Amino acid sequence: MFRHRSTARSRLAGVLAAVVAGVALTAVEPAPRSAHAAACVGTSGVTVVVDFAALGGGVQVACAPGDPATGLAALQAAGFTVTGTARWGLAFVCRINGKPTAATEPCVNTPPATAYWSYWHASSGGSWSYSTSGATGYNPAPGSVEGWSFGAGAPPSIAAP
């Protein structure tokens, strides 16, 4: 008789554990989609080009999946880390992936006109156009290309993918 109760309790405990695990799995938000280290395909997202050439690096291209609401969101969703200025926050992009370094640019106010991250737009395979709005106020369309280039306001050094 004790063995039967022990088996019934074990089965009940197993069923309860399975139910709790099932509830826990449905309550967890799905992981965000990760960025892709290449241009987006078609309208699957927004392609982001970051040109580090003036800082001794190369050009990186990544895909921000889906439909990011702003240029800043596209930059971040493509896997780039962004630092704003102390005065303007992320409304003024001062560093991308830690570049330029804090020793070069303290990011207190806006950087000089000869050494800042300029912001560009293009259609896939099209020409770069300097952005007339900031990255927090621009809504890039899926299938479009966003460009960032460090220096005195020159476009990225590669054609829009």
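Just so it is clear, the structure is predicted and the values come from calculations on it, not from any experiment. Because only heavy atoms are used, hydrogens play no part in the values below, and waters and symmetry mates are left out as well, while side chains stay in.
- Every side chain to side chain donor-acceptor pair (under 3.5 Å) that Thr81 has, sequence neighbours left out, goes to Asn97.
- With sequence neighbours excluded, the residues satisfying side-chain contact (heavy atoms from CB on, under 4.5 Å) with Cys40 are Ser44, Thr47, Cys63.
- For the ring-ring contact (aromatic ring centres under 6.0 Å, His included) condition, the pairs that include at least one residue of residues 133-161, sequence neighbours left out, are Trp117-Phe150, Tyr119-Trp148, His121-Tyr138.
- Annotation: side-chain contact (heavy atoms from CB on, under 4.5 Å) contacts of Ser157 (sequence neighbours excluded): Asp51, Val59.
- For residues 123-161, there are no disulfide bond (SG atoms under 2.5 Å apart) pairs, not counting sequence neighbours.
- Distance check, rounded to the nearest 0.5 Å: CD of Gln76 to CG of Leu90 gives 6.0 Å.
- Sorted by first then second residue, the ring-ring contact (aromatic ring centres under 6.0 Å, His included) pairs that include residues 54-83, not counting sequence neighbours, number zero.
- Residues satisfying the side-chain contact (heavy atoms from CB on, under 4.5 Å) criterion with Thr101, sequence neighbours excluded, are Ala103, Thr104.
- Val49 places a side-chain heavy atom less than 4.5 Å from the side chain of Val145.
- Across every non-hydrogen atom of Tyr116 and Ala152, the tightest pair is CE2-C, 4.0 Å.
- Considering every non-hydrogen atom in both Ala74 and Pro140, the closest pair reads CB-CG, 4.3 Å.
- Across all non-hydrogen atoms, the minimal contact from Ala39 to Pro161 is CB-CB, 3.9 Å.
- The OG1 atom of Thr43 sits 9.5 Å away from the CG atom of Asp67 when rounded to the nearest 0.5 Å.
- The two residues Ser149 and Pro156 have their closest heavy-atom pair at CB-N, 3.8 Å.
- Asn109 pairs by the side chain to side chain donor-acceptor pair (under 3.5 Å) definition with Trp88, not counting sequence neighbours.
- You'll find the side chain of Val48 stays beyond 4.5 Å of the side chain of Val61, heavy atoms only.
- A ring-ring contact (aromatic ring centres under 6.0 Å, His included) check over residues 56-79, counting only residues at least two apart or in different chains, returns nothing.
- Residue pairs that meet the disulfide bond (SG atoms under 2.5 Å apart) test with at least one member in residues 70-161, sequence neighbours left out, are Cys94-Cys107.
- Under the 4.5 Å side-chain heavy-atom criterion for grouping Ile, Leu, Val, Met, Phe, Trp and Tyr, Leu55 is connected to Leu75 within one hydrophobic cluster.
- Closest approach of Gly126 to Ala160, counting heavy atoms only: O-CB, 3.6 Å.
- When atom types are taken as modelled, the side chain of Arg95 and the backbone of Pro100 share a donor-acceptor pair closer than 3.5 angstrom.
- With sequence neighbours excluded, the residues that form a side chain to side chain donor-acceptor pair (under 3.5 Å) with Ser118 are Trp120.
- Every residue was checked against the side-chain contact (heavy atoms from CB on, under 4.5 Å) condition with Ser123, not counting sequence neighbours, and none meets it.
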